[in-house]
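Before I ask anything, let me first share the structure, which is written out below as structure tokens.
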Amino acid sequence: MAVAVRGGRGGSGGGSALASGLRGFFSYRVFVSAMFTLLFLATLSVLFSSHPSAHHHDSITGNAYVHRTFLALNSDPLKTRLDLIYKQANDHMVLVNAYAAYARKLKLDISKQLRLFDDLAREITDLGLKPSYRTSLLESDGPVDEDVLRQFEKDVKDKVKTARLMVAEAKESYDNQLKIQKLKDTIFAVNELLIKAKKNGAFASLIAAKSTPKSLHCLAMRLMEERIAHPEKYTDDEPKPEFEDPSLYHYALFSDNVIAVSVVVNSAVKNAEEPWKHVFHVVTDKMNLAAMKVWFKMRPVEGGAHVEVKSIEDYPLLNSSYVPVLRQLESINLQKFYFENRAENATKDVNNMKFRNPKYLLMLNHLRFYLPEMFPRLHRILFLDDDVVVQKDLTALWRIDMDGKVNGAVETCFGSFHRYAQYLNFSHPLIREKFNPKACAWAYGMNIFDLDAWRREKSTERYHYWQNLNEDRTLWKLGTLPPGLITFYSTTKSLDKSWHVLGLGYNPSVSMDEISKAAVIHFNGNMKPWLDIAMNQFKHLWTKYIDSEMEFVQMCNFGL
């Protein structure tokens, strides 16, 4: 019983404590609610109180807007719609004012764009000040007139639309990040167009360079017509003893271009001090032999200089059993590579197409490796390309001490450019073992050859050895310079650069001062002087040696 009584008392005490706690908790909630109510009433009193400002109409409109917003929370839904329209107009007015301010900062005060921004901001502001809208919508505590609201909304949307269009047009001028991005995009696009234009230009230039101009074809046909019409005038003469006289100055020219050969011969003769001592050995292909002979019959060289015209077929030793290039031309794989029109052979890669040009295997280009066999009685001979012009007397070249070297040439390297590494495949072990990749390259086009040293060094045999190894084109790409660099490696004497200035067929930056001091200028490159793509600043150096009085030259319209 005692335990039960004690327990009952304890239970009664616990209930009193709980009731006391609940009373305290609810008293605290009443207190907090009262404080939030007071804070809310204070906020409302601030919102509804008047605050004068510098811009009276903005203050009135703002107070009316706050008052209307509060009423809209529990009244007319049209007023909520009005609030949204008003806020949209106000936001765009602020945006337009911001752009106008930025325009002023950029000193565009007199620009049409700034005036448009100012006018539009004023028009948006004036909408809120318009009496019909202000009394019926913005300052009215009564119900909103839906027709007036609809007209107000229409006017606001028109201004907002205008503002958005203006901002969209002006954004590029004011948004620096957008301007930078647009500039980057423009640079990228222009660069892509530039790369494409360069490729197309180089491709077109290559086609133009390797095609026969109408004027050249016309001249060859006219000369052939003359030969057929008057065969009695163009019988072959007996060989002159001067053609084998080693005491004279001998030149070798290998070409199928009649007008180009005539310019080389004319320029050399006109600048020679003793032209009667100069002998020109012109070798061409069978198709152009008659035209070349007729030219020099009709237009004998001035000053008593001697010209011998022959074809490749006049040298019986130049056959496929002796010449590797001719033997390689009989290869089925090589013929497919150059002459078969297949998809894998089609390319717009200028460099690849350049080396697919079969002219690099033409025997006319490789005759330069057989000079001792072609002219067995001569000791020295000057090799000239058909795209050169001689500007000074060249006889001093025959008196140069060659120091036992075979080839006298002007070196073309400077810095890391035009070294052996650019012409030969040094990933091939044979090339890597035999040659120095940093060795200086030299130019074909004006080369004085010591034929006695050539025979002693067995340079032709050396050329044959390497040309046979390169049948699969793994040692070098096609052309005559790489095998020339190999053949005359360590047997080339460097000549003064004034003897031979290159680049007039591709480099517009060759200085006229350098050109005027040169003994021979070379139009190497695609822009040959007889083509329409020739560089005009250099073309006159070539055309002044054309025999413009020759009737066929006039008839074939060489553009002189």
Side-chain angles (χ1 to χ4, degrees), residues 212 216 219-220 223-224 227 234 236-246 248-269 278-297 299-301 305-320 322-326 329 358-388 390 394 407 444-449 451 454 459-460 463 467 479-481 483-484 487 520 522:
T212 301
L216 284 182
L219 180 61
L223 292 168
M224 283 293 295
R227 172 69 174 80
Y234 304 104
D236 292 337
D237 298 328
E238 290 295 323
K240 295 180 181 180
E242 289 84 0
F243 293 163
E244 296 182 344
D245 187 350
L248 301 179
Y249 307 113
H250 292 263
Y251 300 79
L253 284 88
F254 307 139
S255 174
D256 57 1
N257 187 328
V258 177
I259 197 72
V261 169
S262 73
V263 167
V264 176
V265 174
N266 286 345
S267 63
V269 170
H278 294 256
V279 182
F280 297 89
H281 302 273
V282 178
V283 182
T284 187
D285 54 26
K286 181 181 281 189
M287 187 171 65
N288 292 281
L289 178 64
M292 200 78 74
K293 286 186 173 182
V294 171
W295 175 277
F296 286 106
K297 280 278 190 176
R299 312 301 291 183
V301 180
H306 312 281
V307 178
E308 178 187 37
V309 178
K310 286 189 173 184
S311 72
I312 300 172
E313 288 73 20
D314 291 326
Y315 298 93
L317 71 126
L318 301 178
N319 55 68
S320 59
Y322 180 63
V323 179
V325 167
L326 293 178
L329 274 174
K359 89 172 185 86
Y360 288 105
L361 282 177
L362 291 180
M363 194 58 212
L364 272 178
N365 287 318
H366 288 261
L367 285 178
R368 65 194 69 188
F369 294 105
Y370 299 95
L371 291 171
E373 292 90 339
M374 295 171 69
F375 308 104
R377 295 182 181 275
L378 301 183
H379 303 300
R380 285 195 181 188
I381 195 166
L382 181 64
F383 169 77
L384 293 177
D385 266 339
D386 64 357
D387 54 353
V388 305
V390 180
L394 301 179
N407 171 34
Y444 262 136
M446 190 224 69
N447 305 78
I448 184 72
F449 289 106
L451 300 183
W454 186 316
S459 297
T460 301
Y463 160 70
Q467 188 69 44
T480 54
L481 182 56
T487 301
V520 173
H522 195 169

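Keep in mind the model is a prediction, meaning the values are calculated, not measured.
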**Asked** Does some side-chain heavy atom of F243 sit less than 4.5 Å from a side-chain heavy atom of L248?
**Response**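 Counting from C-beta outward, L248 and F243 never come under 4.5 Å.
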**Asked** Under 30°, 30 to 60°, or over 60°: which ring-plane class applies to H250 and H281, parallel, tilted or perpendicular?
**Response**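 Plane angle under 30°, so parallel.
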**Request:** Check step by step if side-chain contact (heavy atoms from CB on, under 4.5 Å) holds for L216 and V258.
**Result:** CA-CA 8 Å; L216 284 182; V258 177; over 6 Å; no
**Prompt:** How far does CG of L289 sit from CG of D314, to the nearest 0.5 angstrom?
**Reply:**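 L289 atom CG to D314 atom CG measures 6.5 Å (nearest 0.5 Å).
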**Request:** Under the side-chain contact (heavy atoms from CB on, under 4.5 Å) rule, what do F280 and V269 come out as? Steps first, then yes or no, please.
**Result:** CA-CA 10 Å; F280 297 89; V269 170; 3.6 Å; yes
**Message:** Less than 4.5 Å apart, side chain to side chain, heavy atoms only: is that true for L394 and L382?
**Reply:**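 A side-chain contact exists here, since the closest heavy-atom pair is under 4.5 Å.
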**Item:** Heavy-atom pair of closest approach, residues V390 and S267
**Value:**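 Looking at all heavy atoms of both residues, the closest pair is N-OG, 3.0 Å.
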**Prompt:** Is it true that D237 and K297 make a salt bridge, defined as a side-chain N closer than 4.0 Å to a carboxylate O?
**Reply:**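 Salt bridge flag = yes for K297 with D237.
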**Prompt:** Under 4.5 Å between any side-chain heavy atoms of F254 and F383, yes or no?
**Reply:**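 F254 vs F383: side chains touch.
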**Request:** Mind checking the NZ-NE2 spacing from K240 to H306? Nearest 0.5 Å is all I need.
**Result:**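 That separation rounds to 6.0 Å.
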**Prompt:** Would you say Y251 and V279 make side-chain contact, with heavy atoms under 4.5 Å?
**Reply:**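 Of all side-chain heavy-atom pairs linking V279 with Y251, none is under 4.5 Å.
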**Prompt:** Considering only heavy atoms from C-beta outward, does the side chain of Y370 approach that of Y463 to under 4.5 Å?
**Reply:**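 In contact.
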**Message:** Counting C-beta onward and ignoring hydrogens, is there a side-chain heavy-atom pair between L367 and M374 closer than 4.5 Å?
**Reply:**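 In contact.
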**Message:** So H379 and L451, do their side chains get closer than 4.5 Å, heavy atoms only?
**Reply:**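 Sidechains of H379 and L451: no contact.
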**Request:** Tell me, please, which residues at least two apart from N266 pass side-chain hydrogen bond (donor to acceptor under 3.5 Å, both in side chains).
**Result:**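 side-chain hydrogen bond (donor to acceptor under 3.5 Å, both in side chains) list for N266, sorted by chain: empty.
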**Item:** pair Q467-V325: side-chain heavy atoms closer than 4.5 Å
**Value:**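 Sidechains of V325 and Q467: in contact.
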**Message:** So that I can tick it off, tell me whether K310 and E308 are bridged by a salt bridge, with the cut-off set at under 4.0 angstrom between side-chain N and carboxylate O.
**Reply:**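 Here E308 pairs with K310 in a salt bridge, since their nearest N and O are under 4.0 Å apart.
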**Prompt:** Does K293 come within less than 4.0 Å of D236, counting only side-chain N to carboxylate O?
**Reply:**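 Yes, charged N to carboxylate O under 4.0 Å.
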**Message:** Can you give me the closest heavy-atom contact between I259 and S262, atom names plus distance?
**Reply:**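 Shortest heavy-atom contact: O-OG, 2.7 Å.
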**Request:** For F449, check ring pair (Phe, Tyr, Trp, His ring centres under 6.0 Å) against everything at least two apart and list the hits.
**Result:**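 W454, F488.
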**Message:** Tell me which pairs pass salt bridge (Lys or Arg N to Asp or Glu O under 4.0 Å) where either residue lies in residues 373-386, with sequence neighbours left out.
**Reply:**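 Of all non-adjacent pairs touching residues 373-386, those that pass salt bridge (Lys or Arg N to Asp or Glu O under 4.0 Å) are E244-R377, R368-D385.
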**CD1-CE distance between I312 and M363, expressed to the nearest 0.5 angstrom** =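 If we round to the nearest 0.5 Å, I312:CD1 and M363:CE are 6.5 Å apart.
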**Prompt:** A220 and N288: which non-hydrogen atoms are nearest, and at how many Å?
**Reply:**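 Closest approach of A220 to N288: CB-OD1, 4.5 Å.
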**Item:** Shortest non-hydrogen contact from S255 toward N257
**Value:**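 What the structure gives for the nearest pair is OG-N, 2.9 Å.
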**Request:** Check the angle between the aromatic planes of F369 and H366 and answer parallel, tilted or perpendicular using the 30° and 60° thresholds.
**Result:**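 F369 and H366: tilted rings.
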**Message:** On a heavy-atom basis, which atom in V388 and which in V520 lie closest, and how many Å separate them?
**Reply:**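 Looking at all heavy atoms of both residues, the closest pair is CB-CG1, 3.8 Å.
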**Request:** Look up atom CE in M292 and atom OG in S311, then write down how far apart they are to the nearest 0.5 Å.
**Result:**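 Answer for the CE-OG pair, M292 versus S311, is 11.0 Å.
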**Asked** Between L371 and A252, which heavy-atom pair has the shortest distance, and what is it?
**Response**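 Nearest heavy atoms, L371 then A252: CD2-CB, 4.0 Å.
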